[in-house]
Amino acid sequence: MGHDTDQTQPLPRRTPDAATRRDQAVRAAVEQGLVGPATPVAGLLDVTGIRASAAALHAAFDAVTAPGTPVLHAFAVKATPLVPVLRLLREAGIGAEVASPGELALARAAGMPPARTVLDSPAKTPAELREALALGIAVNADNPEELARLDALVASAPTRSPLGVRVNPQTGAGSIGALSTATATSKFGVALRDPGARAWLVRAYLDRPWLTRLHTHSGSQGVPLERMAEGVRTVHELAEEINAAAGRRQVDTLDIGGGLPVNFGSDEETPTYAAYARLLAATVPGLFDGSYGLVTEFGRSLTAKHGTTLALVEYAKEAGGRPIAVTHAGVQVATRTVYAPASWPLRIAAYDAKGLPKSGPLVAQDVAGPACFAGDLLAENQELPLLAAGDHAAALDTGAYYFAQHYSYNSLARPGIYGYTTEPEGTVRFATVRAPQPVEEIVAEAGGPQRDSLTEL
Ligand SMILES: *Cc1c(COP(=O)(O)O)cnc(C)c1O
């Protein structure tokens, strides 16, 4: 008994790991010309990896919630606003968190049912609110003025929309100021620790029996998990207080937001959903006991690790003793990294002209983009095998908030995006998620059809 293996049994076929799948996909993308002289940059999405992250999210919460607890995992569409990705996630049992008319339209185009969609923007117009309530989409009001708009809508027509209020637990900032949603002066939600706010909120719920949810989103890249869990604890306490005051379980669902950070330093997927779920269970014991339904809104953690930006090296040069690889991926696909490199460093992987991993001594070099300003660098002084013209540079972990968030500086085209799956023996299958943008479309979007509008004014 025990772990003696029968050597005559064939070994089980192992699914290649994420780094192996990526190498296979890069090679196939180069061989098949997805990246080449005509289309020198593309985004690649690892479908197997996205499915695995969705399964890990379900498993992590299933492991800690009381049986029968309704749990909706709604993907924050802004992280990867691509219809086929939303469709893939829908098939994996994931809903959608939307924050604009465009994001809602993407979710609907992907076939997301209204009952699995949540609307959260801080600046919803009356028309957006009316549409959401007509569709039965869950809405979290951001502030007292928005709540007053909901009052009018709820009074004017019946709705199936579950309604709640977003609360800022004011638990403090993380390491990236622009992404810290729970500071004392954050623009999001009702600031819970401001004088009078707590009493106002309790009263607001007692006055509105249709308010059945509480929402917070206190995490993000750079926010420690303990602080996120603290934010959730604060909101759970508030729900208990409201329900005690109401004498019934008026608040029946807690929307705990997203914000699990992503490890950009290696291929390891940490922190895990399982670790966060366990921390939540320890910090907020009542959260998973079945007295509340749950909504989560994870974005980056579902897709970031599964995206690769692959770019052709057009030229290799040297300046002031520093080797510089001039590639076709820069500010248009890696806006955050280019403008805030200290907060958003990216790992670059070097591949040769055939798309094979490059070896050789590591040389500190700059990996530059194609845009016409000096700061357009994907990486500065990063140690890599020396890149040459015709090689390929891959920016890793760019599946969220990178190539899907095009920035049209220098009228650079939106690159094609392709999903891939791989077989253990190396066969790679691609599917187009978004076709590369043709130059005619750039002209049309830049007012081409209105060429004479100003001269004729
Ligand atoms: C951006 C956002 C999310 C997702 O954040 P991630 O850091 O990508 O997980 C969730 N909820 C709201 C309200 C958001 O604005």
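Bear in mind the structure is a predicted one, so any value in this text is a computation, not a measurement. Numbering of ligands and ligand atoms starts at 1, following listing order. Residue numbers start at 1 and run along the sequence shown. All values below were derived from every heavy atom in this structure, side-chain atoms included, with hydrogens, water molecules and symmetry-related copies excluded.
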For this session: Check Arg166 against ligand 1 and report side chain, backbone, both or neither, counting heavy atoms closer than 4.0 Å.
Result: side chain
Exercise. For ligand 1, is any non-hydrogen atom under 4.0 Å from His217's backbone (N, CA, C, O), its side chain (CB onward), both, or neither?
Worked result: side chain
Exercise. Taking non-hydrogen atoms only, is Tyr401 closer than 4.0 angstrom to ligand 1 via side chain, backbone, both or neither?
Worked result: side chain
Exercise. Considering only protein heavy atoms, which is closest to atom 14 (C) of ligand 1, and at what distance to one decimal place?
Worked result: Lys78 NZ, 2.9 Å
For this session: Answer yes if the ring centres of Tyr292 and His236 are under 6.0 angstrom apart, and no otherwise.
Result: yes
Exercise. Quick check: does any side chain N or O of Gln382 sit under 3.5 Å from a backbone N or O of Ile348, one acting as donor and the other as acceptor?
Worked result: yes
Seminar exercise, completed: Glu297 heavy atoms within 4.0 Å reach ligand 1 at atoms 3 (C), 4 (C), 10 (C), 11 (N), 12 (C), 13 (C)
Problem set entry | Where ligand 1 meets Asp120 - atom numbers and elements under 4.0 angstrom, heavy-atom basis | 13 (C)
Exercise. Quick check: are there more than 12 heavy atoms from other residues, nucleotides or ligands sitting under 6.0 Å from CZ of Arg51?
Worked result: no
Exercise. Is the closest side-chain heavy-atom distance between Tyr205 and Val165 below 4.5 Å?
Worked result: yes
Exercise. Is any N or O atom of Gly299, backbone or side chain, closer than 3.5 Å to an N or O atom of ligand 1?
Worked result: yes
For this session: Could you tell me which atoms of ligand 1, counted from 1 in the order shown, lie closer than 4.0 angstrom to a heavy atom of Ala76?
Result: 3 (C), 4 (C), 10 (C)
Exercise. Quick check: are there more than 12 heavy atoms from other residues, nucleotides or ligands sitting under 6.0 Å from CZ of Arg208?
Worked result: yes
Exercise. Does His215, backbone or side chain, put an N or O under 3.5 Å from an N or O of ligand 1?
Worked result: no
Seminar exercise, completed: atom 7 (O) of ligand 1 sits nearest the protein heavy atom Arg300 NE, 2.7 Å
Exercise. For the side chain of Ser291 and the backbone of Leu287, is there at least one donor-acceptor N/O pair under 3.5 Å apart?
Worked result: no
Show which side-chain atoms of residues 135-144 pair as donor or acceptor with protein atoms under 3.5 Å away, not counting sequence neighbours.
from   : atom 1 : to     : atom 2 : distance (Å)
Asn140 : ND2    : Asp120 : OD1    : 2.9
Asn140 : ND2    : Asp255 : OD2    : 3.3
Asp142 : OD1    : Gly189 : N      : 2.8
Asn143 : OD1    : Glu145 : N      : 3.0
Asn143 : OD1    : Glu146 : N      : 2.8

Problem set entry | Check against ring pair (Phe, Tyr, Trp, His ring centres under 6.0 Å), Phe61 and His73 | CA-CA 10 Å; Phe61 278 73; His73 297 296; 5.0 Å; yes
For this session: May I ask whether Gly259 has any heavy atom positioned less than 4.0 angstrom from an atom of ligand 1?
Result: yes
